[in-house]
Structures are given as structure tokens and as C-alpha cells.
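One structure follows; several queries about it will come next.
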Amino acid sequence: MDIELRGITKRFGPVTANEDVNLSIRSGEVLGLLGENGAGKSTLMNVLCGLYSPTDGEILIDGVPATFDGPGDAIRAGIGMVHQHFMLVPVFTVTENVVLGVERTGRFDHLDLATARAQVHAINDQYGLHVDPDALVENLPVGVQQRVEIIKVLFRSADVLILDEPTAVLTPQEVDDFFQIIKALRDAGKALVFITHKLNEILEIADRISVIRNGRIVGEGLPKDLTRPQLAEMMVGRPVSFDVVKKPFAPGGTLLETRDLTVLRDTDEIAIDHLNLTVRSGEIVGIAGVQGNGQSALIEVLTGLRRATEGQVMFDGQDITRTSVRERHRLGIAHIPEDRQTVGLIKNFTVAENMVLDTYYDARFSRGPRVDWAQVNKVSAGFVRDFDIRTPSVFQAAGHLSGGNQQKLVVARELSRETKLLIAGQPTRGLDVGSIEYIHKRLIAARDEGDGVLIVSSELDEIMALSDRILVMFKGRIVAEYDANAGPVDKSAIGLAMAGAAA
Amino acid sequence: FTACQVTDTGGIDDNSFNQTAWKGVEDAMADFAIDGRFLESQAETDYEANINSLIEGDCDIIITVGFLLGDATQKAARANPDQRFSIVDFAYEPAIPNVLGQVYSTDEAAFLAGYLAAGVSETKILGVFGGINIPPVTIFMDGFVRGVDHYNAQKGASVSVLGWDIDSREGLFTNNFESLDDGRAFAQNLYDEGADIVLPVAGPVGLGSAALADELGTDKLKIIGVDADLYFTDPQKSHVYLTSITKRMDATVRQVIETAMNDTFNGGVLVGSLENGGVDLASFHDLDSAVPQEMKAELDTIREGIIAGTIKVRP
Amino acid sequence: MTDTSMNDLMKAKMIGRSEIEDLIIVPLFAIVAALILGALTMLATNVDLATIGLSYVALLKGSVGSLSAISETLTAAAPLILAGLGLALGFRAGLFNIGAEGQVLMGGMAAVITGFTFTDLPAAILMPMSLLAGALVGALYASIAGWLRVATGAHEVISTIMLNLIAYRLLDYMLRLPFIQKEGRADPISKSVPDAAELPRLLAFIDPNLRVHAGIFLVLVAVAVVYWLLFRSKLGFEFRASGENPQAARYAGMRSGLIIVLAMASAGALAGLAGANQVLGVLGRATPGFSAGIGFDAIAVALLGRSHPIGVLFAGLLFGALEAGGRQMQVDAGVSIDLIGIIQALIIVFIAAPLLVRAVFPWGFRKGSRQTEGGQ
Amino acid sequence: MTAVPAPRIEPGKTRHARITGGILIGLAILTAVVFAPDGTGIATFRLSRPTDALVLPNLVVPAVPFIYAAAAVLAFLGARQFLRGGTRWTSLSMGIGLAVAVAAFLVWATTGKAFSLTGMLQATMVRAVPIALGGLAGVLSERVAVVNIAIEGMLLAGAFTGALVGSLLGGMGGLAAAVAIGGLFGFILAALVVTYRMDQIIAGVVINLLVLGLTSYVSSQVFQEYRYLNNAPVFRAVKVPLLGDIPILGPMFFQQNIFVYGALIMVGVATYYLFHTRMGLRARAVGEHPRAADTLGINVYRTRYINVTLAGMVAGFGGAWFTLGSVGRFDEGMTGGRGYIGLAAMIFGRWHPVGALAAALVFGFADSLQQKLALLQTPIPSEFLAMAPYVATIIVVAGLVGRARPPAADGKPYVKE
Ligand SMILES: Nc1ncnc2c1ncn2[C@@H]1O[C@H](COP(=O)(O)OP(=O)(O)OP(=O)(O)O)[C@@H](O)[C@H]1O
Ligand SMILES: Nc1ncnc2c1ncn2[C@@H]1O[C@H](COP(=O)(O)OP(=O)(O)OP(=O)(O)O)[C@@H](O)[C@H]1O
Ligand SMILES: [Mg+2]
Ligand SMILES: [Mg+2]
């Protein structure tokens, strides 16, 4: 089955997510769709799978124009999508998730799960997926959940599979397995669309590549004709240097130290297991690891958002294991949270209010029980200017700023305090290249001024580019450590460690 | 001339208490060609406000209905000495010059009802429950229990009454004058414990008990009505009422309005009793055949005894 | 950037057309629509046009048409505003507290007990002390739900509903305790508070039937304090932050648990004051139904006032006026006061669903939502 | 890397079992100390009425031995929980323990007296009906993630319409109208929250206010004058042949009116619907992860409309119980907060129809128990007994008996695109 997108345009109010996109998808072929964050990849595919209706343009299936009035139509037409954020019901079993929407029933609308279970087994066998049809999805690791998503699509006998950033949540080893599955699907005659912004992956798996920028297709070609720098330039719109400029490494004394730190998740499982690490001032420590290995819990316990069950956290020679979030802020720990837009700021609050969200109590901004709003507004206006945040006024609701400016607001707030240690979770997730450069510059500046910096990121490239020291976390422990200043670090070794090979 | 009335929370259409009192105003409206108005109290907090809005509204007499309005009426009467008030079920001690209290020796009629019920009951167990534990309610229960005692003493029987302990003054109370559902549940409870005649002293709540009796059949459960003759005010369920203990608030209210109209109004107390017809036992209507002739004769004798003072309904 | 651009950044936003629509036109339309629908309801129940007219005239007359009408309006509004302020405070802090009714009951009981226990104290001490007792006990009762939420995650909607039901039973129980029950009565009713504990009636010198009492000063003070607390104080900033986005508040180092308990306690204190206001200013003692649904009506008042102290003030006055006017309506036109309940509910429907008002009265608004939303 | 010692962590489940154990032991002590009566009293429970087909002898319980035995059982259960911390049996032990404690309490209260146990259980079922139906309505709408505070209003609307239409067209007509009006308010709730995106709790509160206002208004404005409009026939109890003659259970389950049978059937049907049908699977998916359902071609809005309307119909049926199933006459605000208790029953019952029914029976039991105790004149104030189920609800919601998990998207509006 071949699909042709012609002149697709999609607007959300004033935002144009896709403009005049032409694309063809053919059976027995993997089409790689490359583009940076916010380029419009997901939107385009959501149009294709019927979730959005295009503002303009048409979709041809085997040369026949098709209109989708909802995802059901697209599914019936043989188009299935594995979404960037999984669309699985956690409390359902694999089989229930798979049949949802295309259930077979007996009398009185009775669900026939037995037949479905047999079909899941068959799909398992055909593509080597190994998924237990009766497992509850919430108990499955992400890698398996992804396979459930694929089974879902295959169960609907889709001929076209759209995979939106499927590798973002996988370890390098899981990626290899995953590519095997893709190849098996391709060889079975399916048409595949593989979305990513990772250059190596696309070069490895795609049969054909299209690059999308600002909602438009800006380049197409075959992998053998394209190089990494070329692709990067197409994607970003200008030559990209993959280098980072830092001052020579001159670490100071130990700033942060954990001793046998153990932390439980809300479910009583162990998230961090007797973990020991140190961060010195003037160094950037990067923590690599696949999501779900305790990185978020580590950040939470270091910033005081979660209690340690056992062990100690020392900061600047002081035991802060039981110290509150507020007190840690006062001691000089700054935190740029992973999920900045939802936990870093309050969308209905003004820019000024957000600017003092964790400093309003400080003598600069308050008089006794009262907040000195005049002072807050004045200082905020200064920060807005210094950090180049684009807003008409400090009274603008933060939610009305663009995504990038919201991020800058959080960074401005955290960096404008007196800090000794900067903890940043996924510091560049969801950012465009300009903002990424900006944030990287700021992080390095902090290190060069003598602050300790702890970065947790699932982007291995980012960790490798910034860190002085790289720690790999697996199942709540540090399983490997690399000194980046001692010479080049072997990326595949890190990958293996992330998958637990060193443990 | 305008007569105004403030009801208690049961509502003007309760088929018993408030409705009987309002009937007095309606009768006066018909007989003397006057205006009548009423204001329903939704909650106890409305009493004072309601009385005040009637004071605003040029009423020649304001009749408040119910013991619970006693304090609010007193307050209003003190503040407005020129306004005439009358209150049902409350007597002030000492009397207030511009308030005429209407009280009833309900226990006299309830005594008869107790004697009757004790004689008619087959299970020899009777049930009674009240709305709120206040004198105008418990006076029914007192009279009823003493009537049963009288029967037991006379006949050497041992009929028992569930739901009211005359000495500890504790018993079954719904704590409201509104919930019909409570009326059904309380009657069911008493029926489960063997009672075959139930006396609900809670205004409209009793209609719920009547619904149960209707469903079970009068051979299993009979109801004794209060305030009005429920045979007439609750015509759909009329057959379940063995009798009613009537409290002729309609008559006293009409009478009070009349005194106010011809300027013979005086503060004080107006007492309704068996003697003056202010309270009485209604006829047996449909259940007449359930009451032996002998019992009817005995009731007549007791009635005369009470009026003559030879039978004491109060110790 | 220059200094002038700094000043631009700090220039407060002008009130735009869309704010005016939200703050004035929507509520106005809501009231008009509710009155029209109320009239239709009357028509549907066989009330003739003349009586409908008469009843709306009576509504106006009974709410603002005379000194005594205004007095009644203020008397009815005071507890609604007090409890409404408490609820608004809770809503701002992200707590949907249905428990004002129970807090009113507990606060009122505390005020009564304090009042009749310390009869020897002079008014200058006894009255504030009784009010304080009401506020304190209301706060304590409310903080149970707050604490449960913090310690166990129990949702406050359910726990406050349960606490209301518990409060009713507790009240019935307490009113029969020999030490509380009025002498010589067997029904649940408390002793009366002495004059020294009562909130004095303000206009009794003109006419003893004018019930408006010193509680309205309490209301004004409460409005000002809540305004200051919410929008000027550090604590209020924390309330609002954790109400808007509890996660972000926690990340910013605010102690969410403490904030929830404090917010619940403040809400309970205000509801407790509403109870104290009733027993000390209006009733003089406690009876089983003395709360008369204030706690539930106050939910509506807080929603109508959009959880803003000034909004709550006006919403409470509106509800008070409707209540006072409704009584007049029943006296003059014979239309049941229950109509007021319908009108109140309809007003809130229209206010809480602006999309609906726009659908019903499209001509009241600028065309197209794009302009209003993408304005700045 | 050096070997690390196994973590000394007390997992939540053990902690939970300890707490349960502690409570049980506390109950044991309470039972032994407070309830153990001083004499050699006998508690008599009447099991059947003289009119029953199968007349059972009275259940006569010697109080002192029984209460000490109960205390012993409680102590055993508690000690076992405390020491073993058996995770699987924690809830069961708690349930058995509470039942034993209640039995001991009953024996204590009845010592030297007698009451009809069968009557109490029959009343339990009757009192549970509106709560169970309210809870079921809650389950149906919260399973599609619409919080339904409006159950109270729907019950009231059902009660009112049942009385009005029942008076004109007879019981069946009234019942049908009550179901329809409940469905209408369900539909209105769905429209307000789904289409007009009103806050779900506000929408519920508003519907409650509106229904209260409308029904009170009409009843005082119209019913007062036209009495015949508020005088509906009551559905009588129908005894199921044979089953109705089973001692104790017969009167409880098989000598009841159509509302009891209806509630039992609806709970069964709803369980089948939610967990064994295609529609139910889709409904639950919409409640857990609406976006996922949407991407699979399930119409989230329509599913919500349908289920919330169904919930309204169930509540409307439950509302008719107040008039057509009980007293035949509507009375202002006669549902008296039973809708809110239904909501609690839903949570108590963990968003499961059978759970909601079980929880409703607990509330119904407490209700009928309280009435019996008022007759028995126990030293414990009846108000405290009346409070007991509410306190129990708080304890349950607070997670002592294990944290219930609502549908993941509960209360959240779903915005397409
Ligand atoms: N529902 C929406 N409403 C408004 N704007 C939207 C919506 N969805 C996407 N956009 C905007 O459309 C643009 C393209 O978004 P899209 O999600 O397609 O990007 P993407 O290429 O998939 O990025 P990523 O790599 O981060 O997933 C972005 O600017 C985004 O902000
Ligand atoms: N809901 C909204 N209401 C009003 N204005 C908005 C709203 N959302 C976005 N805007 C405005 O629209 C403009 C475009 O937003 P958009 O998110 O597309 O920015 P952007 O170009 O992607 O910026 P960045 O690179 O910083 O992310 C911004 O100036 C923002 O202020
Ligand atoms: Mg995307
Ligand atoms: Mg009424």
C-alpha cells in the first residue's frame, strides 16, 4: 500500500505546524522523518492517522483521495501509529489494550478475549516480539510497552506503521533489538515511517529520508547520499558545530556527596540502592542512564523533594539528608527541573510572580509577612531584560509566553540566585537548537565560575559533550564512571553500562 | 382585617399540624370575609425573620404555629407591644399582654386512644414515636401510655407500649417534623417488634407510617392519627386510621381571630380540652367494626370520667 | 534596553474589553437570564403575569426597598460572605471544601458554649472571646480534613462531606448534654448566650425589629483581611501557588502539607466565624438546624464571587438580597420562596459556564473568541 | 563493587498489616473490657415473625461467654496480623474482625432484652437501596472520568418525578418518568462538563441546587393546591416463591419491592457491562486514558455522554424509591444527603458496582441498627452510632484498608486536539 501526502498544511490558530508538505510512503520501505523539536513531525503524522484534520491538502491511498473523520477511519484504511507518548491503558492487560476499539464480541456484547489472545500469540511468533498477552501493562518495562503498541497496530492489520520517536526511551541495546523488529516488518511488506531527531539512527535504518523544518519539507534523499553534517544542517537551517567550548578543568573541593543513599518509590520499590557519588565545585558531572533507573528519584532526593530511606546526603560539609527543599535553596542548591513547564512555573501566574516563585520569602522581596510587590516587579523586569525573555510586560501570564521563553524564565530564576550547586534534569528536552546552545552556555558558565553542576540526561550525546565526569546509573546504582578529561570516552561502553552489562 | 400565620417547618400542606392551624384562618376568612396570609418557615432560623416580615405587612393578628416558635414570638411580642400575637402550643408564664397562647390538654384524648388501642390490639404490643422531644408532642405519648396503663389495670391485661418511657422521658423521636420516610421506617421498626397499632406524633411524618400500614394491610398494622382527623385529610389512606387524636387548632385559631376582630382580644392562655371540644377522639370510620360495642361504651364512660375529674390522666 | 522599556515592562495591564466582559457582562447576563427563566418557571406553574410582576417588585422591595429590607439583606448576607470567604480561600489553595456546613455548626457551638459559660465577663471580652472560640473550633474541625489529605491522601470532598454528616450528629448529641441543653427543655436546644456575648444590633434604636448587627463589621474586616492575605502576604502567595499548581509549589520549596492544613484551617476559621455570627448576632443560641444550609449556600457564593474576596462580598450581598426579597415575595405575591433557589442555581450555571452565556446571548460579546484570546 | 547489606526497609504492606493488627487488638481489648456485662444476661434475637412459613426458634445468646469468645477471636486475628503481616489476608482479617466486634456489640446491647434480627436485616436492605443505586450511578460516571457530585440532585429529581407522574399515570409510569428525568439530568451534567467544559464539581453542585430549588418550588407552589398530584401508589413487596421462605435471607432479599430487586439486578448488569462487554471496556478506557481511547477511534465525548446519562437513569430509579418505593408522596429535600453517601459508598466500594452495593449495605445496616438501639435504650448515645458509618468511610478513604485507586482521568476534562 502506498500513501501520498499532497500539500498538507495544518494550523493551530496563529501557529502553522505544517505547511504544504508533500510526502510519499511506500510498502516494503522505511521512510525516515527527521526534524528538530517542534518541527512539526508529530503533527504531520497525526494528520495522517486521522487524529487531526488538515487545514489544507489531501491524502491519497494507492492514488485514491481519502478523508479521515477521526482515527477510526485511518485504522480502517490500514494506517496505524505508535505515538511518541504511549497510548496504553496501564490498568488493562496487554490483550485488552490490543483489542480496544476493534473488539470481537459474542452475544450480549460479550467480549471475546480468547480469540484475541490467540492472535496476539500469533503476532508474537511471527515477528519475534515476546509479549505476555495477560500481563498488566503497568507492570511492563517501557521497551515491552512499545512492543505492545506495535502489536496493537499489527492486530489492526495495518499496512502502514508510523513510529513517532520510538527510540527515545530505549537503551542502545534495546534499539538494536527494535531495529530487528522493524526490518522484519519491512520485509513482510509493511510501509514504515520512522520519526527521530537522531542522525545515526536514521542513517542506519531508513531506506529513504525526509527532513522537516518549521513545518516544511526541506530535504529528501537516500541514506547513502547523505552525511551527518548535511542532515544536521538541513534539520537546523545552519551549519552546526558539535563542539562545546569550556575553560580548562580545575575542580575544587567536594561539594556534594551521597553515602549509601537509598530511596523508595511511592510503590515501595527501591528506586535508589545504596548509591555513592560526589560532585566537586567547578565540575560538571553527567549522569547517563535509561529512564526509569532512578534518575528522577535521585534529583528529587538531592533537592529535598523526596525522603531518603537510608544513607546520607552531604552538602558543603553539612548533612542535609533531612533538610527541607526551602533550606537547600538557601544553602545554594539551584534546581532546573526536568519538567519545567509543568513543575517549574505556574502558568496562570504573572512573569513577575513566577520570577520569585522560590525567592519571594527572601529579604529582597518581602517585609515581614508581606511580599513587596513593587520590588518584585522591578527586579523581575531586570531579569527579563538580562535573560532576553520575550514578553510585553512582567504582568503577562507565564502561560502566554512561548515554550522557549517559559524555559528561559525558569533558568533566569534559578541562575539569578546565589548558587553553589546547579542540578539540572534533562536540561534541553523539548528545546530548539538556539535554546539548547543558550542553556549549554549557561551551564558551562556556572561551572567555569566554580559552581558544581549535576546534569541528568537521557541524551547520551549531550552528556558526553558537557560532562567532566560521566556516571552511568542502572537500577538505582552507579555502575560505571568515566573521566571525560582523561581522553575520549567509548560511547558503546556507556551504552552497555546503561543496559546493565557492567553490573 | 388581615390574619397572618407563620408555620413551623413541616409545611402548610402537612395534612395535620400546620394545615389544621391554617384551616382555622381559612374558616375565619370564609366566615368573616377577612384576608389571610401565611409564611412557611423553611428552617428554624427563619422564625424571627418571618415574624418580622409579617409585622412589616400590616397584620392585625399574627398567629405563630408551634412550640418551637415560642422564643421568637416572645421576642417579637416584647418588641412590638401594639401588635397582637397568638401562638399555638405555647403558654407564657407570666403571660404577655399582647400574646394569646393556645394550648391543649391533648393527653385527655390520647388517654382514650391508649385505652382503645390496648383493647383492639391483637399482639398486645403498641408502638408510639414522636417528632421532637417537646411538651406538645410528649403530652400525646404520656396520655397514650397512661390510657394503656388504665386498660391494663382495669382488665388485668399486660399490653405494652414501645417507643416511650414515661419515667425516663426517653423514646423514639425522628428529630424532625418533615421526613415521611422516617415515618415509614419507624413504624416498620415497631411493627417488626410486634406492634400492630402505631401512634406517630410527628405531623406529616405519620403519613409515612400510614403508607406502611396501607401496604401491610390493616389486619397487621393500624395507625392512630394526630392533630386533624386524618381519615379526612389523608383520604387515600383513610382506611388505615383506627382513629385520630384531634387537636382542634382550627377551632381555637378561628376563635382567636374572632376575638381580635371584635376587640375582645386579651393576652393569656386558651386551653383546649375534652370538655370544651378543643381535643377529642375522632370516629373509627372504616375500622368501626374492629372496635367492639363494649369498648365504645367504656370509652364513653372514661370520657365522662375525665371531664368530671374522676379519672386522672395526669398523676 | 533603556529605562523606558523597563518601565514598559512594569506597566500594569489596562483592563481590557475581555476582562470587562468577564467581570461585568457575564454576571449581569447571568442574573437577567436567571430572572427570565425564573419567570418562565412561574408561568409554567400557573402563576399569572400580574403576579409574576408583583413578585419581582416584591423581590426588589424586600431586598433594598426599605430600611428594614436592607437590614434583612445584610443580616442574611453576613454569614454567607464569611463562610464564602473561607471557601474562596480554600478554592484558591486548590481545596474543594464542601465542609463549611460542619464548620459553621462546630464554630457556632463553640461560640454558644463560650458565651453562656463565662457569663460574668464584660461584653468587651466575652463577645470577642466567643467569636474567637467559634473561629478556632471551626479551624480545628476543618483542619481534620486538611490533615487527612496531607497524611493519607484522602480527598477533601469526601472527607468534608462525611465531616458534615458527623457534625450534624455531634450537634444533636451536644444539644442534649445537660451542661449545654436549655434548662427545663427535653428537646435539643442550647442555653441562650448572655447579652454581653451577643453582637449588638446596630439599628435597634430606630426600630427593635431591625436585625442588622455588628457582624457586618466583622464581614468587612474579614473581606479586607482575606484580600490582604491572598494577594499581599507571603502565606497567600503560597496558598495561591499551591492551588494553581501544587507540584510547582512543592518544587519551589513551599511546604504543601502545611499549606493545605493552614488553608483548610483558615477556611474553617471563617466558616466558624459565620456560625458564631449566626448564634451571637441572630439566634442567641443553638438549635439543631441553626446552620440552615449556610455552608452549602456559601459554596455557591464563593463560586459566584470567583473566589475573589470582593467578588464574594458582592455575591453574598446578592444572595442575601434574594433571600430577604424572597420572603417578601411569598408575603406579597404568594409565590413560594423556593423560587429563589432556582434563580440562585441558574445564576451560577451561567457564571460557571461562560461558553453557555455566550451561546445564549451572542450579541453581548465581541464576535469571535480569537480576538479576545489572542488580544495582547 | 563491594557487596552491600540487604536494605533494612519496612515495606508499606508490612506497615499496613501492623496497623491493622494493632486496630484488631485494640478492638479485642475494647470488647473484653467495655462490652463484657456484669451479670449472666441473655440476649434474644428473634429470627422470624409468627406469620412466616418456616418459624424459627429465637436465637438465644448467653452474653458473657459470647463476648469473651469474640474478644478472643479478635485478639487472635490481631496478633496474627501483627506478627505475620500476611499481606493477602489483611483486608479479610479486618473485615472479619469488624463483623465480630459488631456482633459482640449487638449482644452486649441486647443483653436482657430481645429484638427482631430478621426485621433489622430486612430494613438494612431497604435502607441500602437508594445508597447503592446512588453509588452505582457514581461508578458508572466516574468510570468514564466524570465526577458525579450531582447524584443527590438526580435522586431528588427521580423522587419528585416519580411522585408527580406516578400520581397521574400510576406506578409504572412514574417509575419510567423518574428514570427518564434522571437520564435528563445525567445528560445535562454531561453537556455542562463535556461540551461546555464547566468544572465537574461545580456542575454537580449546581445541578443539586437547581433540582432542590425546582422540586421545592413546585411542591410548595403546586402540590399544596393540587394534592392529587402528589399522591402516588407505592410498589408493594413481592415475595419470590420458595426463595422468599428461606429463613433470614428470604425476608432480606426475596420479600422486597421492585426497587430492591432492581438494585440487585442493576448491580449485576453493571458489573457485566463494565467488565465483560465491549462497551464497558471502551468506557473504562475512556476513564483511564481518554487520549489513548481517542487515538483508537473511540468517541470519548459520546462515551461520556452515554455513560453519564445511564448513571443519571440509575440515580433516577434510585430516587423513585423515596416516593414510589416508600411513602408515595414527595417532600422537599427528602433525599437528605443520601446521594453524597452514595458517593462515599462508591469510593468505599472502590469504584466497583458490587463494592458499592456492599458499602451501601454497611450504611444501611448502621441505619437500621441505630433504630433498634433507640428501642433498646443503650447507654451509648444513638448519635454516635449514627456517626459510625461516616467515620468508617473517612477511615476507609484515608487508606487504612488499602488505598483505592480512582480511574486515572477522573475529574479531568478531555480536550480534543
Ligand atoms: N494542539 C496544538 N495546539 C497548538 N499548537 C500545537 C499543537 N500541537 C502542536 N503544536 C505546535 O505545532 C508545532 C509542531 O509540533 P509537533 O508536535 O508536530 O513537533 P515535533 O516535530 O513532533 O516535535 P518533537 O520532536 O518535540 O516531538 C510546534 O510549534 C507546536 O508548538
Ligand atoms: N495562549 C496564548 N495566548 C496568547 N498568546 C499566546 C498564547 N500562546 C502563545 N502565544 C504567543 O504567540 C507567540 C508564538 O508562540 P510559539 O510558542 O509559537 O513561539 P515560538 O516561536 O515557538 O518561540 P520559542 O522559540 O521561544 O519557543 C508568542 O509570542 C506567545 O507570546
Ligand atoms: Mg513530536
Ligand atoms: Mg415549602
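Letters go in sequence order (proteins before strands), and every chain restarts at 1. The structure presented is a predicted model; accordingly, all values stated were derived computationally and were not measured.
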| When rounded to the nearest 0.5 angstrom, what distance separates CZ in Phe330(D) from CG in Leu156(D)? |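 One gets 4.5 Å once the value is rounded to the nearest 0.5 Å.
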| field | Heavy-atom pair of closest approach, residues Arg127(D) and Pro130(D) | value |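 The pair with the smallest heavy-atom distance is O-CD, 3.6 Å.
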| said: Less than 4.5 Å to any heavy atom of chain B: does that hold for the side chain of Arg236(D), its backbone, both, or neither? | reply: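 The answer is both parts of Arg236(D).
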| said: With chain B as the partner, which of Asn231(D), Val234(D), Asp367(D) has the greatest number of non-hydrogen pairs under 4.5 Å? | reply: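 The residue among Asn231(D), Val234(D), Asp367(D) with the greatest pair count is Asn231(D).
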| field | chain B contact via Ala237(D) - side chain, backbone, both or neither, heavy atoms under 4.5 Å | value |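 Contact with chain B involves both backbone and side-chain atoms of Ala237(D).
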| Contact part of Asn175(B) toward chain D, heavy-atom cut-off under 4.5 Å: side chain, backbone, both or neither? |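 No part of Asn175(B) comes within 4.5 Å of chain D.
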| message | Under 4.5 Å from any heavy atom of chain B, what part of Ala374(D) do you find: side chain, backbone, both or neither? | response |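 Both parts, heavy atoms under 4.5 Å.
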| query | For Leu190(B), is it the side chain, the backbone, both or neither that has a heavy atom under 4.5 Å from a heavy atom of chain D? | reply |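 The answer is the side chain of Leu190(B).
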| query | Do you know which of Gly208(B), Ala211(B), Ala185(B) has the most heavy-atom pairs with chain D at a distance under 4.5 angstrom? | reply |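 Option with the greatest count: Ala185(B).
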| Under a 4.5 Å heavy-atom cut-off, does chain B meet the side chain of Phe235(D), its backbone, both or neither? |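 Backbone only.
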| field | Contacting moiety of Glu193(B), where chain D heavy atoms sit under 4.5 Å | value |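 For Glu193(B), backbone and side chain are both near chain D.
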| field | Largest heavy-atom contact set with chain D, pairs under 4.5 Å, which of Glu215(B), Glu178(B), Glu170(B), Gln236(B) | value |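 Answer, by heavy-atom pair count under 4.5 Å with chain D: Glu215(B).
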| Which residue out of Asn230(D), Asn257(D), Asp331(D) racks up the most heavy-atom pairs below 4.5 Å with chain B? |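 Highest number of heavy-atom pairs under 4.5 Å: Asp331(D).
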| Which answer fits Phe186(B), side chain, backbone, both or neither, if we ask what part of it has an atom under 4.5 Å from a heavy atom of chain D? |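 Both parts, backbone and side chain.
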| said: Tell me if the aromatic rings of Phe45(D) and Phe115(D) count as close, with their centers under 6.0 Å from one another. | reply: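 Ring centroids of Phe45(D) and Phe115(D) are less than 6.0 Å from each other.
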| query | Heavy-atom distance under 4.5 Å to chain D: side chain of Leu180(B), backbone, both or neither? | reply |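 Its backbone and side chain both get close to chain D.
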